[in-house]
Chemist: 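Can you read through this structure? Questions will come right after.
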Amino acid sequence: MNRRTNRLVWIAAIGCVLSLAVGLSLFALQSGISFAMSPSELTAAKIEPGQRVRLFGLVTEGSVVRGEGLNVRFDLTDNDKTVRVNFGKILPDLFRENQGIITEGILNADGVFIADTVLAKHDENYMPADMAEKLKDKGLWQGAEAASK
Amino acid sequence: MIVELGHVALILALSLALIQSILPVWGAATNQSRLMATSDVSSVGILFFISVSFLALMWAYATSDFSVVNVWQNSHSDMPFIFKLSGTWGNHEGSMLLWVFILALFAAAVSLFGGNLPDKLRANVQGVQAWMLATFLLFILLTSNPFKRQAAAVEGQDLNPILQDIGLAIHPPMLYLGYVGFSITFAFAIAALMEGRIDSAWARWVRPWAMGAWVFLTAGISMGSYWAYYELGWGGWWFWDPVENASFLPWLSGTALLHSALVMEKRDALKIWTVLLAILTFSLSLLGTFLVRSGVLTSVHTFASDPTRGLFILAILSAFVGGAFVLFALRSSSLQQGGLFSPISREGALVFNNLLLSTAAATVLLGTLYPVVYEAITEDKISVGAPFFNLTFGPLMIPLLIAIPFGPLLAWKRGDLLGVSQRLLFALGCAVVTTVVVGGFVQKGQWLAPLGIGLAVWLMVGSFAELAQRAAFRKVPVATSLARLKGLPRSVWSTAFAHFGVGVTLLGVVMVTAYETETIVVLKPKGEVVTGEYTVRHDGYINRTGPNYTEQSVRLSVFRDGKLVSVGEPSKRFYPARQMPTSEAAIHTFGFSQLYVALGDIQNDGGVALRVWWKPLVTLIWLGTIIMVLAGFLSLSDRRLRVGVPKRAKGKKGKAVHAG
């Protein structure tokens, strides 16, 4: 193999791998991402049925209702708008009322959020960053620093 | 008193680090060997003072000294002693102290074991390490002082219960040894750029350090994965979470670095690329520290994050990474470049490995940072989930995994692809047979998973092809073959086992991803649930009180074919000091597979929600990484690295002359 073809082979190989990576990334960024929203944003936004969304908010006090077996219903709020959430799996340990949590799922036609994932952080002071800001504005929460001291 | 001593020691370490930031580098620039030699003393001094400081904090934790804010916030007098100790690094301040401690450890190691390095290179390396030490010591002293006092409190606020686990005792130190270990390769790269000179000997010096860091990083990531798997009760072993990616990125580029340094060592080529990788790997480690510490990205694993301190780390990150790249841009052209080489050769295969690993790292980086960039531009918040990474990372890994067995068989300079393929026929046969058997008979019509299993078999068998070839089985008597195997350099063995480990991990990943089953049920006492071959029976509740928690657990019996094979007690614990519940899963291991039972809420009617997973061959995921780690140690023990290092005698003589 002479120098010229040698170089061509390398350029072709690098080109192939890079274009594969770019192509895959672009494709995956179409489908692999989900929007993260607060209850107000979710109510305001027009989202297509079936589109996956991440919804974050505080679990409203007194809203947690346990139904048949594993079904749980609760309200998520940003103290502006409230969205009802249905969930049919085991809740994480740190799930409790007045706790900031993240859920993932889809909004159904009745405006109920059908979650398939509920995340509560390991850290009991955890609050999604943007939510912490909103709550601080309203004077409802002083931030992790204050909470831990 | 001891606590104040710790604080003072930290300040002394900082002043020494500031001195070491200047003297050796100045000495190297002006050819003054006495200035250069100061770093050997100062780096050991820094290590001593930081050790004192670290031990002082540990002492405060061990004695539950709640007049120290940090101890009060993160410890409790009822905690088991081992968790009191590991609590030292279970918080932001303590973990940063551990970080610099390990940094100092590696810096001193260069002084103690770097006797064979040319004086100038060593002085510059130690200078660069002192810059990092000084910066991070300053960071700790200014923003994260672990020794801050307060009016003594009666009782501490307890450590986050999830961290009260043996996993915390081991995982962060391992991970940091890996993260920070790459600071040495970074320092070597910067020193080489400062001198504007680099040769294959450089690669030979750097490789053992890179290998050491890689071994710890691999072990740390694997430990973290297993810890999350058993402690969080989600039954998952990898979530493509930003914090996980933060540790995976330096692993990918570090793995690439190990392979490219090999080309540099043997063929004196790929110099600029290797230097770039050395810089990149540590930059990614710093980025990981920043991501974990700052809370910029929403992650489920972040502990004790604090955005204000994150900014400081971002400044450090920009200064070091930015500076390194500017230096790289200015100086890399002066490094002598090697020629192009044939694609079908050992070095060609290693370049192919680097191409794919770094591209894969780039896509993981893209997915990790995309939400931040996207939000900055559009103000919409998005999250990039597992589907993105599976779609991009997966396909990029497949050609690499297929290529792995070819690499070690190809000769340097000019390989014979046909000949190599013939030697891999046996591995190919094994892979095809496995795929056909699994796909055709066990999983009728499902081909994706069987192909994955076939690929794993290809890797596992193919990794030993080089050994088989060198032993020349069936061509010479068995005794001769064995003797030949015994005589092979350890590096050959370590390559085979490291690649074999990749195959083992892959097999575990494919099996769990494709064939895992999950059952969620509500069981009352005496109730049963069937998962595959196993029946799980609820045998009643038990309430207990631990040292600093209360616990409600469920007695479970596991039967197969009507015979009792295992018992377990998954539980819900409650830690009153923090008002925090945790769950402890019950994990039953059968061979390489596991039956994983996590507890949900106890219902009002006396039933309990159970999540039961059957995880076929799941332990292979971590077993494979253990094999990789052992292979790394094997490679470190190779004589070649100790005895064959070039210029050792010359270096020693040189030193003696200087001293005289």
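So you know, we letter chains A, B, ... as the sequences are listed, proteins then strands, and number each from 1. The model shown is predicted, which means the values in this text are computed figures rather than measured ones.
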Chemist: Measuring heavy-atom distances to chain A, does B:Phe389 have an atom under 4.5 Å in its side chain, in its backbone, in both, or in neither?
Modeler: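 B:Phe389 has no heavy atom closer than 4.5 Å to chain A.
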Chemist: Under a 4.5 Å heavy-atom cut-off, does chain B meet the side chain of A:Ile14, its backbone, both or neither?
Modeler: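 A:Ile14 touches chain B through backbone and side-chain heavy atoms alike.
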Chemist: Quick check on B:Leu366 against chain A: is it the side chain, the backbone, both or neither that has a heavy atom closer than 4.5 Å?
Modeler: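 Just its side chain gets close to chain A.
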Chemist: Counting heavy-atom pairs under 4.5 Å with chain A, which one of B:Thr582, B:Leu599, B:Leu610 comes out on top?
Modeler: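 Heavy-atom pairs under 4.5 Å are most numerous for B:Thr582.
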Chemist: Under the side chain to side chain donor-acceptor pair (under 3.5 Å) test, which residues partner A:Asp116, sequence neighbours left out?
Modeler: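 Per chain and number, A:Asp116 pairs via side chain to side chain donor-acceptor pair (under 3.5 Å) with A:Arg52.
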Chemist: For A:Glu61, does the CD atom have more than 12 heavy-atom neighbours from other residues, nucleotides or ligands under 6.0 Å away?
Modeler: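 Not buried by this count: 12 neighbours or fewer within 6.0 Å.
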Chemist: So how far is it from B:Phe388 CZ to A:Phe27 CZ, rounded to the nearest 0.5 Å?
Modeler: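 Reported to 0.5 Å precision, the distance equals 12.0 Å.
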Chemist: What part of B:Phe393 gets within 4.5 angstrom of chain A, counting heavy atoms only: side chain, backbone, both, or neither?
Modeler: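 Neither part.
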Chemist: Holding to side chain to side chain donor-acceptor pair (under 3.5 Å), I want the full list of residues that pass it with A:Thr60, two or more places apart in sequence or in another chain.
Modeler: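 For A:Thr60, no residue satisfies side chain to side chain donor-acceptor pair (under 3.5 Å) once neighbours in sequence are set aside.
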Chemist: Counting heavy-atom pairs under 4.5 Å with chain B, which one of A:Ala21, A:Gly88, A:Ser25 comes out on top?
Modeler: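 That would be A:Ser25.
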Chemist: Quickly, which of A:Leu24, A:Leu20, A:Val22, A:Val17 forms a side chain to side chain contact (heavy atoms under 4.5 Å, CB included) with B:Thr359? Name it, please.
Modeler: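 Of the listed options, the one satisfying the test is A:Val17.
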